Amino acid sequence: MKPILVIGSLNMDFVVQTEKLPLPGETVKGRDFSMIPGGKGANQAVAAARLGGRVRMAGRVGQDGFGRTLTEGLSSAGVDAGRVSPTAGVATGVALILVEREGQNQITIAAGANDRLEAADLEPAFQDFGQGLVLLQLESPLQTVEAAVHLARGHGATTLLDPAPAAALPQTLLRNLDFLTPNETEALQLLGEPPGEIRPDEAPALGRRLLELGPDTVVLKLGDKGAWVVNRVLSRHFPAYAVKPTDTTAAGDTFNGALAVCLAEGGSLPRAVEFANAAAALSVTRAGAQASIPSRSQVDRFLGDHRA
């Protein structure tokens with residue numbers, strides 16, 4: 001199996017369950033409250049490790065209790081956290097998350113130490129890495145993400161960018177990506193389109209437009225409508241597995257971690273997307289970010305049940 005390097009964010013998530021999401025200026029009554037390790041980078045690292053990957057992570061936390069908890073959580077999940085740096089004078093990142101009864105969420109992030117991750121932090125993470133897979137997101141400074149992609153290409157590694165939170169990206173970055181994995185909001189933002197849902201019949205054309213931006217492969221994540229994959233030889237819809245959602249937090253991160261693991265094992269792209277769909281489906285049936293990520297045996301059993 002090829003190694004997996006995750007470069008990105010670590011946050012402590014403050015999660016409130018509520019009957020509905022508030023409108024601007026509205027106060028709603030919440031139910032349960034919990035603090036759960038999160039951050040898109042850490043979520044993807046934990047997902048990849050829990051699903052059987054050989055994973056290391058590079059990132060920054062504050063010199064505080066949250067930072068220690070997050071780093072220890074990575075280690076306990078099997079992630080090599082030796083490149084996660086405690087940073088003086090700044091707090092660990094946090095996320096404020098509201099989850100309504102159907103599982104949809106609203107998230108606000110205070111980046112904290114994540115904004116201090118610099119290009120100079122990355123070179124040690126690539127030592128003895130070889131031609132593995134590098135997972136990236138946009139909760140770190142853009143210049144750091146660009147530096148990571150440059151380093152990855154120099155080491156012959158495969159790059160997967162989850163362009164979240166949604167943002168416009170330079171073509172110099174997009175042209176150097178092996179995989180771009182946006183959700184609906186992120187895809188429309190990259191294409192300069194207004195926000196909204198993407199119908200499956202619209203996905204092939206939108207996928208081709210994203211491909212024209214430069215990446216080798218686009219994996220368009222459509223939530224409960226599955227995923228559409230487009231590259232120079234493939235344009236195919238992969239339907240989602242039907243489950244009853246509890247909380248969609250970290251479903252996309254679980255998808256990306258699972259996709260990387262299957263590719264690292266030498267699996268084909270169609271097999272990797274099916275595996276990622278299954279892992280994401282299981283994750284939405286549970287509350288929380290990292291707490292919702294399934295194990296490899298659970299995903300294998302789920303796939304076996306649905307193939308029977």
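Here the structure is a predicted model, which means the values were calculated and not measured.
Judged purely by distance below 3.5 Å, without hydrogens or angles, the side chains of N256 and K40 never pair a donor atom with an acceptor atom. There is no side-chain donor-acceptor pair under 3.5 Å between D178 and T158. Inspection of the E186 and N183 side chains reveals an N or O donor paired with an N or O acceptor under 3.5 Å. With no hydrogens or angles considered, a side-chain donor-acceptor pair links D253 and Q44 at under 3.5 Å. Using modelled atom types, one finds a donor on one side chain and an acceptor on the other under 3.5 Å when comparing N11 with N114. Using modelled atom types, one finds no donor on one side chain facing an acceptor on the other under 3.5 Å when comparing E72 with S75. S295 and R50 form no side-chain donor-acceptor contact under 3.5 Å, judged by distance and modelled atom types alone.
Side-chain contact between P170 and E146: present, with at least one pair of heavy atoms (C-beta onward) separated by less than 4.5 Å. Residues R286 and P294 are in side-chain contact: their nearest non-hydrogen atoms beyond the backbone lie under 4.5 Å apart. Side-chain contact between D80 and V55 is absent, with no heavy-atom pair separated by less than 4.5 Å.
When all heavy atoms of A42 and L10 are compared, the pair lying nearest together is CB-CG, 4.0 Å.
Listed for the E100 side chain is no donor-acceptor partner under 3.5 Å among the backbone atoms of T18.
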